[in-house]
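A short worksheet on the structure shown next.
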Protein chains: 2
Amino acid sequence: MKFTISEQEELLFLFKTLNNQLGPKFERNTNFSLSRFELLYQLVQYDEISQSRLQKIINIDHAAITRHLKQLEADELVSRRRNPTDNRETIVHLTDEGYKQIMNCQQDKSSFANQMFLQFSDEELQSLMDMLKRIQENIR
Amino acid sequence: MKFTISEQEELLFLFKTLNNQLGPKFERNTNFSLSRFELLYQLVQYDEISQSRLQKIINIDHAAITRHLKQLEADELVSRRRNPTDNRETIVHLTDEGYKQIMNCQQDKSSFANQMFLQFSDEELQSLMDMLKRIQENIR
DNA sequence: ATTATATTATTGAGGGGTCAATGATTGATG
DNA sequence: CATCAATCATTGACCCCTCAATAATATAAT
């Protein structure tokens with residue numbers, strides 16, 4: 001006995017598939033994973049920021065944040081130190097090398113995003129963004 | 001010095017975030033990961049199917065397919081045997097227990113998908129599907 | 001027939017993510 | 001001020017994924 005799949009359900013799986021394809025492609029183009037890129041990007045914006053604030057912005061688990069930053073620190077793209085006024089916090093800061101590298105792959109990231117949304121109108125981008133945010137709300 | 005992020009780039013990261021949230025939620029609701037669910041779903045459709053055909057349908061790496069099916073076999077939701085007419089292939093078949101379990105969580109999956117697309121019109125679903133497929137084409 | 005080529009499945013290494021438990025530090029409260 | 005509760009970071013266990021290398025089998029080509 002077979003059963004059918006609704007359009008909604010098809011979309012759910014399409015999402016997963018698309019994402020599985022997106023991540024590796026992005027990484028091949030920029031040499032950074034999406035998460036690492038986001039992390040470094042935020043560090044450019046904030047200069048100094050605690051891990052827990054980064055966590056809230058990036059929206060991945062604390063554990064993943066810690067491990068990414070430890071690795072980025074080992075790679076010397078980032079420096080970390082305790083917050084003197086609150087010793088629970090670790091404050092993260094981009095090194096010169098980190099800044100250089102994230103700036104270097106700006107172009108790659110942009111052209112990747114352009115390729116991804118080739119032939120999308122502004123209205124479509126807007127509507128897509130809107131729908132994704134609504135989905136996010138719906139499953140919250 | 002800061003730099004800005006285009007709408008396209010914002011969408012790229014929104015995709016990743018949304019997906020990171022989608023997977024775990026789905027799993028908590030159905031007790032199957034999205035991939036396992038898809039695998040079992042296809043087995044309901046095909047009754048018997050080779051791993052390589054499954055791989056092409058589900059669109060994840062061969063290695064992941066092998067590991068999922070080995071685990072599902074250990075859980076006795078699936079049986080596997082060599083194809084007598086082509087010994088390279090492994091043919092996969094759903095067990096009664098596997099059938100029972102996948103059918104059991106149909107309801108959970110449906111209500112999850114409904115929740116996800118709450119207040120989406122048919123046109124929106126259609127347009128979303130269309131856009132996702134175009135993105136998939138664009139990055140292929 | 002024998003050799004070269006392609007297909008299928010498997011494994012190992014490594015990256016990314018979650019959840020749960022732990023330890024340290026800070027803040028609030030009786 | 002002593003204790004209890006919240007916050008932050010870290011670690012371990014485990015899941016999912018990709019890529020690359022390998023082994024086995026089948027197919028094609030000389």
Side-chain angles (χ1 to χ4, degrees), chain A residues 13 15-40 48-75 78 80-92 139, chain B residues 13 15-40 48-75 78 80-92 139:
Chain A
F13 294 110
F15 257 102
K16 187 210 58 151
T17 303
L18 186 49
N19 236 66
N20 284 350
Q21 295 166 340
L22 229 42
K25 298 256 183 195
F26 181 85
E27 198 159 345
R28 273 194 288 280
N29 279 271
T30 65
N31 289 314
F32 283 114
S33 73
L34 280 162
S35 292
R36 293 263 170 106
F37 189 94
E38 246 186 315
L39 238 16
L40 296 177
E48 293 219 313
I49 185 173
S50 73
Q51 291 193 181
S52 63
R53 286 192 65 195
L54 272 174
Q55 189 276 324
K56 287 180 189 74
I57 295 170
I58 312 276
N59 229 331
I60 58 181
D61 197 89
H62 271 299
I65 297 279
T66 293
R67 285 190 264 257
H68 277 306
L69 291 174
K70 282 186 81 165
Q71 188 53 53
L72 289 172
E73 187 179 38
D75 297 344
V78 135
R80 298 193 303 156
R81 66 169 203 283
R82 288 284 163 183
N83 182 351
T85 75
D86 183 344
N87 269 291
R88 289 170 304 184
E89 284 187 343
T90 334
I91 293 183
V92 189
I139 64 170
Chain B
F13 293 109
F15 256 102
K16 188 210 60 154
T17 303
L18 185 49
N19 237 69
N20 284 350
Q21 295 166 340
L22 229 43
K25 298 256 183 196
F26 181 86
E27 199 159 345
R28 273 194 290 278
N29 279 271
T30 64
N31 289 315
F32 283 115
S33 74
L34 279 162
S35 291
R36 295 264 170 104
F37 189 95
E38 245 185 315
L39 238 16
L40 296 176
E48 294 220 314
I49 186 173
S50 73
Q51 292 194 178
S52 63
R53 284 193 65 195
L54 273 174
Q55 189 276 324
K56 287 180 189 74
I57 295 171
I58 312 276
N59 229 330
I60 56 180
D61 196 88
H62 271 298
I65 297 280
T66 294
R67 283 176 190 123
H68 278 306
L69 290 174
K70 282 186 81 165
Q71 188 54 52
L72 289 171
E73 187 179 39
D75 297 344
V78 135
R80 298 192 304 155
R81 66 170 202 284
R82 289 284 164 182
N83 183 352
T85 74
D86 183 344
N87 269 290
R88 291 170 303 183
E89 285 187 342
T90 341
I91 294 183
V92 189
I139 64 170

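First the proteins, then the strands, lettered A, B, ... as listed; each starts at 1.
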Nearest-Å distance, [atom1] ([X]) to [atom2] ([N])?
{"X": "Leu54(A)", "N": "dG17(C)", "atom1": "CG", "atom2": "C1'", "value": "17 Å"}
{"X": "Glu27(A)", "N": "dC17(D)", "atom1": "CD", "atom2": "P", "value": "16 Å"}
{"X": "Ile58(A)", "N": "dT18(C)", "atom1": "CD1", "atom2": "P", "value": "12 Å"}
{"X": "Gln55(A)", "N": "dT18(C)", "atom1": "CD", "atom2": "C1'", "value": "12 Å"}
{"X": "Asp75(B)", "N": "dC15(D)", "atom1": "CG", "atom2": "C1'", "value": "13 Å"}
{"X": "Leu72(B)", "N": "dC16(D)", "atom1": "CG", "atom2": "C1'", "value": "13 Å"}
{"X": "Glu89(A)", "N": "dA9(D)", "atom1": "CD", "atom2": "C1'", "value": "10 Å"}
{"X": "His68(B)", "N": "dC15(D)", "atom1": "NE2", "atom2": "P", "value": "11 Å"}

How long is the straight-line distance from [atom2] of [Y] back to [atom1] of [X], given to the nearest 0.5 Å?
{"X": "Leu72(B)", "Y": "Leu39(B)", "atom1": "CG", "atom2": "CG", "value": "6.0 Å"}
{"X": "Arg80(A)", "Y": "Ser50(A)", "atom1": "CZ", "atom2": "OG", "value": "12.0 Å"}
{"X": "Ile57(A)", "Y": "Glu38(A)", "atom1": "CD1", "atom2": "CD", "value": "9.5 Å"}
{"X": "Leu69(B)", "Y": "Leu40(B)", "atom1": "CG", "atom2": "CG", "value": "8.5 Å"}

Would you indicate, yes or no, if [N] has its OP1 or OP2 atom less than 4.0 angstrom from a side-chain nitrogen or oxygen of [X]?
{"X": "Ser52(A)", "N": "dA9(D)", "value": "yes"}
{"X": "Lys16(B)", "N": "dG16(C)", "value": "no"}
{"X": "Ser33(B)", "N": "dC16(D)", "value": "yes"}
{"X": "Thr90(B)", "N": "dA9(C)", "value": "yes"}
{"X": "Gln51(A)", "N": "dT10(D)", "value": "yes"}

| Does Phe26(A) have its ring centroid less than 6.0 Å away from the ring centroid of Phe32(A)? | no
| What pair of heavy atoms forms the shortest contact from Gln21(A) to Lys25(A), and how long is it? | O-CG, 3.0 Å
| message | Please find the pair of heavy atoms, one from Asn19(A) and one from Phe15(B), that lie closest to each other, and give the distance. | response | OD1-O, 3.4 Å
Contact class for [X] (heavy atom, under 4.0 Å): base, sugar-phosphate, or nothing?
{"X": "Thr66(B)", "value": "base"}
{"X": "Arg36(A)", "value": "sugar-phosphate"}
{"X": "Arg80(B)", "value": "sugar-phosphate"}

Scan nucleotides 24-26 of chain D against the protein and return all N/O pairs shorter than 3.5 Å with their distances rounded to 0.1 Å.
| residue | atom | partner | partner atom | Å |
| --- | --- | --- | --- | --- |
| dA26(D) | OP1 | Asn87(B) | N | 2.9 |
| dA26(D) | O4' | Arg88(B) | NE | 3.4 |

Extract from the structure each pairing of a protein N or O with an N or O of nucleotides 18-21 of chain D at less than 3.5 Å, listing the distance.
| residue | atom | partner | partner atom | Å |
| --- | --- | --- | --- | --- |
| dT18(D) | OP2 | Asp61(B) | N | 2.6 |
| dT18(D) | O4 | Arg67(B) | NH1 | 3.0 |
| dC19(D) | OP1 | Arg28(A) | NH1 | 2.5 |

| request: Indicate yes or no: does Glu48(A) engage Arg81(A) in a salt bridge with an N to O separation below 4.0 Å. | output: yes
| query | So, the side chain of Glu89(A) versus the backbone of Arg82(A): is there a donor-acceptor pair under 3.5 Å, distance only? | reply | no
| query | For residues 57-71 of chain A, which residue pairs qualify under side-chain hydrogen bond (donor to acceptor under 3.5 Å, both in side chains), counting only residues two or more places apart or in two chains? | reply | Arg36(A)-His68(A), Gln71(A)-Asp75(A)
